[in-house]
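Below is one structure, written out as structure tokens, with a few remarks after it.
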Amino acid sequence: MTPALKLTGLAKSFPVGKRLFGPPRAVVRAVQPVTLTVERGETLGIVGESGCGKSTLARMLVGLLEPSEGRIEIEGAPLDTADPAAFGRKIQYVFQDPVSSLNPRKTIRQIMEAPRRHLHGLGRAARAARIAEIFAAVNLREDFLDRYPHEFSGGQAQRIGIARALAADARILILDEPVSALDVSVQAQVLNLLADLKAEFGLTYLFISHDLAVVEAVSDRVAVLYFGAVVEVGPADRVFARPRHPYTRLLAESAPVVGRALTAPEAPETELPDPLNPPSGCAFRARCPRATAECGTVPPPLERQEDGVWLACYNPLPPTPPAEA
Amino acid sequence: MSFLRLLARNRLALAGLVVMAAVVVLALITPLLPLADPDVTNTADRFERPFGAAGLLGTDHLGRDLLSRLLHGTRLSLAVGFAAALIAATIGAAIGIVAGYYGGRIDNVIMRGVDMLMAFPYILLALAIVAALGPGLMNALIAVAAVNIPFFARNIRGVTVSIANREFVDAARLSGMGDARIILTEVLPNVIPVIVIAMSTTVGWMILETAGLSFLGLGSQPPQADLGSMLGEARSALISNPHTSIVPGAMILVIVMAINLLGDGVRDALDPRLKSGALSRPMPTTLVRRETPPPAPAADDAVLEIAGLKTEFHVRDRVYRAVGGVDLSLKPGECLGIIGESGSGKSVTALSVMGLVASPPGVITGGRVQFDGQDLIGAPYEVLRRMRGDRVAYIFQDPLSTLHPLYTVGAQLVEAVRAHHPTPRAEARAHAIELLRAVRIPNAESRIDSYPHELSGGMRQRVGIAMALANDPEVIIADEPTTALDVTVQAQILSLLDDLRRERGLAIVFITHDFGVVAQLCDRVAVMYAGRIVEAGPAAAILTAPAHPYTARLMACVPELGGGRRHLAAIPGLPPAVDRLPAGCAFAERCDKAQAACRQGDIPLVAHGPGRSVRCIAPEPAPEPAPDTVTEAAE
Amino acid sequence: MAGYIFKRLVSAIPVLLGISVIVFLIMAMIPGDPATAILGSYATPENVEKLNRDLGLDKPLVQRYFIWLGNMLQGDFGRSFSLNRPVLDEVLERFGATLVLAGTAFVLCSLLGVAAGVVSAARQYGAADKAITFFVLLGISIPSFFLGMMMILIFAVKLRWFPVSGMWPIYGARDISALVGHLTLPALALAVVATGVIARLSRSAMLEVLRQDFIRTARAKGVRERAVVWRHALRAAMVGIIPVLGIQAGFVLSGAVYIEMVFQWPGVGRMLVDAILKRDILLVQGGVVFVAACYVMFNIAVDVAQTLLDPRIKT
């Protein structure tokens, strides 16, 4: 079966210090070439700290940013234009800030109708029927359609954002920190709704978040991003439980967990690398307790390990068997 | 129309509107009024005084009827001013929207051109245009409109850029909308209020400008006269016959003042920031209006005791009860966690202690904050100021916005010391370096001269902590100090705080929404919901066996790392709005154990096992108390 | 810093060229036969011939521009036919007088405006705030030329505190006290409008800043309220106020045109108006380019001041 989404060497660089004419002063690589596949019906979690390039990656996937290199294939068909409308029918985006993603001067109905009208050219009656269906699916009352965005709470607004993405009939959704602007008690409602919708509509998710626990709870597989590059990809239930990459372990140990004593996982002077002056070799080596001379040469490639995990590390942690087995 | 209602609420704007309406009506009906011809000269009756035989306002230097000339001049001035504003706004807005929406090179080229026009003192450009086209009212109009286009273009561009970067524009793109449609249906409706504001605040200015050109003799030409040229012609007789100058001058003043009042009103009614009264300045201390006498202090070993604290936000006619009667006590060397969702009142509780809740709109309406043998609620400003940062210090959430961007971290640390202890600068600086070392900032000697923007988020928060430690306070109140940080940085900061509190014996109030953080750092915890504490007690006990249904369900719905993929036990519904709190338990609406009694009357916080208390009539059963630890529940 | 100033000066070159192009193009808009149109009824055969020679009107537009620009760069702004003297000499002499007037007014309005704005914000809704708000409203609503005329009427004619007009006494010493006496009324009249605008902006900038988190931090440190307002808040607000001071300098310079007319001040504004009415195009052209160039330089100084104030701006 062809994967739902396949990225090959997808990369993005931003010019820094633009001039009116001539080349920019410097170039920052926000996303190093990324190669990933997402199977149909899968949820791939992407996790990383601020500045790791996860939002840049997400925006490239829906055509809001043109990639500098690489290609995107959806169900086997390449898409290499930066045309959101061409993307919109196949892949949709759910924004982090539910309130800012809804135009304050349009009714919910106008917002919901836009994808039906502009992507599918449907008539009024056909639009209304489908919108009613979708609204029922996200547990929203139909009379909400004639209200304005400011009348809704964050959780409701995020449901509307999800409903809008569904209205495009795309089968792949990019969820960019969809619950991080929401209160914890509302987060769970939205996460559960997303799980239900996935089953109901046969969707494929790319779930981006900085919250390890949330990613772990919703994903089949998880990719860990550091400084614009994928460092580890593996099944959700083992990436944080039994990390192989030293950075993944650092993340997992840093997350505050009830019942675990407080420890400083690393020395205080560690800092993120400077994007304008990237280090040679592995970007993590300055913070890495396992770094060797080899790490300073070329960045380690992302390679499949014998246990099925993909790793970009010269000195990974040894694979450990599951605790019970 | 909420806009008109808002406008009408502003009495000054209403006055402006009434005056303006009267002037406009007068100008419109001028040709119908039984007035003398404004241009017929009668030199025999020149410089007649007002209220005399020759009409209400007298005559000018050529014996023309001043009243008639005034009304005709007003007509002309208004028409030219409004036309200029409309032209400048339309063209300027179009340029600004195109530049702001497309960005990149288009924006760059357009804005360079605009900058070029703005490099002229505006009147030079107007004079050059009039010089080329020749004097005349039409040419003056063109000149005034032309020189104002860059101002509109720049203003509207800025707004458009911020709107074009909003996520709903991206969403529209993903919905298959093209650029033209996005500009017309997504961007323009959001820009129009700004255009209206810009126009309403510049119409008066345009009228002044055209009048000015006419005054110089470059606008309306004789015998036709707008208000400016009337004034210009009267100037030579200023000393001998001042009334011919005062009449048109006062008219301009009245018109422009009315327009400015109205324009300010329009701006205030359309600007969403002003609706909630957000543009008022917070006072140095929170307003205190206690409706009931404060409860008596409980004599115990607490270093800080909060009793019956009530803090409200009064916005217009609404009252938001952010904190609805909170009791807390903090023992020396203890770390007390306050946990809750946003809007639960945890931050407001913390800020109320030292009167730092922004006021307006915040008001402390009840309770006591007992510290150092006195009640701080309602204490004079100077008493609070002496304690702030010296004996009770704060650490805030976002270290980028909470440090002053224009002073070095050293200067800010030195200030924290010197605000309470007059120390020579060199000594204070040495102390600041020590503080930076204490929070484990590498190269403290050189980092002390860094500006906040030159440091990473984690380093900035270390500076925030150093500032709180500056005067060795007894209590530190940390308001979500790690929420804005990445998880690896958070771990560093938490372990730093833990070390410091053990080394220095600090008492900490730690506000967070993260159970993991509470578990790792805090001795005791208080759970807040809708402005009240629903459960309090030792952190370990509550986290292993929560007694209040809210605590239990909140913990269940937060995924915890290591649990693998799972369905989460969500809490249905939303927290109640604190301006419409239900009677009884605020959580009853969402609680699956709710009974009729939950919705009737106040439910007290009652003792529930050793050192624990809970605000629930059907809590989870308390664990068996060990015989020697049976004590009063947490106050 | 020196490198930054040099960079800013270099970046001013295209702006200055742009200004000269704009002025040149506007003057080229004059319809019909330029020489006759410019000279109008004053035209004498010699004048027409001379103007044609001066402007090089027989040559194509682009070539004419470069000739004009080249001459200007050598200090030759042409000759004013109405005054029969070199344009540059006249402009320089007049600009000195304008600088005295506008400079004084600018200093006055900057100090008064910022101070009034800070006080107004710090005592929001108090009596001082209300009084300042009223004067601000009056200031931005009154035409400066009308205000000037009323000041003459009251302070010069009725009270005889100050002379009615001019820059120097007709008889008597041209010393500082004579200048101050003549300068007071026009400088005040000129400053009023800009003071209003600056006070209003300073007030809203201060209100904006006073709500920021770092002000709460300063208060939480126990910093005295006076230092919170004047040190923490004003410093941050100045970042927004200084660019407006730069723009207001342009408005003061513009307002000077009216005030010079009202008070018979021998400045460049009055010269320009006279030149326009006499269709002395070379004098208008030269005056506009010269003053605009000075204003560009002033704005560079404002930018430099801004970078000194705000360490976040990369130099």
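Throughout, a chain's letter reflects where its sequence line sits, starting with A, and its residues are numbered from 1. Note that these values count all heavy atoms, side chains included, but never hydrogens, waters or copies made by symmetry. This is a predicted model, so every value here is computed, not measured.
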(message) Is A:Ala114 close to chain B through its backbone or its side chain, or both, or neither, when contacts mean heavy atoms under 4.5 Å?
(response) both
(request) Counting only heavy atoms closer than 4.5 Å, note whether A:Arg117 contacts chain B via side chain, backbone, both or neither. (result) side chain
(request) Heavy-atom distances under 4.5 Å only: say whether B:Thr185 touches chain A with side chain, backbone, both or neither. (result) both
(request) Answer yes or no: is there a side-chain heavy-atom contact under 4.5 Å between B:Glu560 and A:Pro256? (result) no
(request) Keeping the roles fixed (side chain from A:Gln189, backbone from B:Gly573), state whether a donor-acceptor pair exists under 3.5 Å. (result) yes
(request) Under 4.5 Å heavy-atom distance to chain A, tell me which part of B:Leu543 shows up: side chain, backbone, both or neither. (result) side chain
(request) Measure distances from B:Ala519 to the heavy atoms of chain A and classify the residue's part below 4.5 Å as side chain, backbone, both or neither. (result) side chain
(request) Could you tell me whether the side chain of B:Asp486 and the main chain of A:Ser50 form a donor-acceptor pair under 3.5 Å? (result) yes
(request) Flag the pair A:Val184 / B:Phe515 as yes when at least one side-chain heavy-atom distance between them is below 4.5 Å, and no otherwise. (result) no
(request) With a 4.5 angstrom heavy-atom cut-off, could you sort out which part of A:Asp176 is near chain B: side chain, backbone, both or neither? (result) neither
(request) Kindly give the heavy-atom pair with the smallest separation between B:Gln520 and A:Val257, and that separation in Å. (result) NE2-N, 3.5 Å
(request) Check whether any side-chain heavy atom of A:Arg105 lies under 4.5 Å from a side-chain heavy atom of B:Glu186, and answer yes or no. (result) no
(message) Using heavy-atom distances under 4.5 Å, tell me whether A:Gln92 contacts chain B through its side chain, its backbone, both, or neither.
(response) side chain
(message) Between A:Tyr93 and B:Asp170, is there a side-chain heavy-atom distance shorter than 4.5 Å?
(response) no
(message) If you define the side chain from C-beta out and look only at heavy atoms, does anything of A:Glu49 sit under 4.5 Å from B:Thr488?
(response) yes
(request) Please answer whether the main-chain N or O of A:Ser254 pairs with a side-chain N or O of B:Gln490 as donor and acceptor at a distance below 3.5 Å. (result) no
(request) Against chain B, label A:Ala255 side chain, backbone, both or neither, depending on which of its atoms sit under 4.5 Å from a heavy atom there. (result) both
(request) Please determine, among A:Asp237, A:Leu250, A:Val218, the option with the most heavy-atom pairs under 4.5 Å with chain B. (result) A:Val218
(request) Could you look at B:Asp514 and say if it's the side chain, the backbone, both or neither that has a heavy atom under 4.5 Å from chain A? (result) side chain
(message) Can you tell me which portion of A:Arg59 sits under 4.5 Å from chain B's heavy atoms? Options are side chain, backbone, both or neither.
(response) side chain
(message) Which heavy atom of A:Ala213 sits nearest to which heavy atom of B:Leu561, and what is that distance?
(response) CB-N, 3.6 Å
(message) Taking the side chain as everything from C-beta on, heavy atoms only, tell me whether A:Leu102 gets closer than 4.5 Å to B:Glu167.
(response) no
(message) Show, in sequence, the C-alpha distance, side-chain angles and deciding distance for B:Arg553 and A:Ser185, and conclude whether the side chain to side chain donor-acceptor pair (under 3.5 Å) test is met.
(response) CA-CA 8 Å; B:Arg553 299 197 57 185; A:Ser185 74; over 6 Å; no
(request) For side-chain contact (heavy atoms from CB on, under 4.5 Å), just list the numbers for B:Arg173 and A:Leu64, CA-CA rounded to whole Å, side-chain angles, deciding distance to a tenth of an Å, and then say yes or no. (result) CA-CA 8 Å; B:Arg173 277 198 196 108; A:Leu64 288 172; 4.2 Å; yes
(request) Evaluate side-chain contact (heavy atoms from CB on, under 4.5 Å) for B:Cys557 paired with A:Gln187, printing each intermediate quantity in order. (result) CA-CA 8 Å; B:Cys557 79; A:Gln187 260 189 22; over 6 Å; no
(message) Under 4.5 Å from any heavy atom of chain A, what part of B:Ile571 do you find: side chain, backbone, both or neither?
(response) both
(request) Against chain A, label B:Val558 side chain, backbone, both or neither, depending on which of its atoms sit under 4.5 Å from a heavy atom there. (result) side chain
(request) Side chain from CB out, backbone as N, CA, C, O: work out which of these in A:Leu212 comes under 4.5 Å of a heavy atom of chain B, or both, or neither. (result) both
(message) If I take atom CD1 from residue A:Ile91 and atom CG from residue B:Leu174, how far apart are they, to the nearest 0.5 angstrom?
(response) 9.5 Å
(request) Examine whether an atom of A:Asp211 lies under 4.5 Å from a heavy atom of chain B, and if so say whether it belongs to the side chain, the backbone or both; otherwise answer neither. (result) neither
(message) Please rank B:Met177, B:Met555, B:His513 by heavy-atom pairs under 4.5 Å with chain A and give me the top one.
(response) B:Met177
(message) Under 4.5 Å from any heavy atom of chain B, what part of A:Ala217 do you find: side chain, backbone, both or neither?
(response) both
(request) Would you mind reporting whether A:Asp196 and B:His567 have side-chain heavy atoms less than 4.5 Å apart? (result) yes
(request) Answer yes or no: is there a donor N or O on one side and an acceptor on the other, between the side chain of A:Asp183 and the main chain of B:Glu341, under 3.5 Å? (result) no
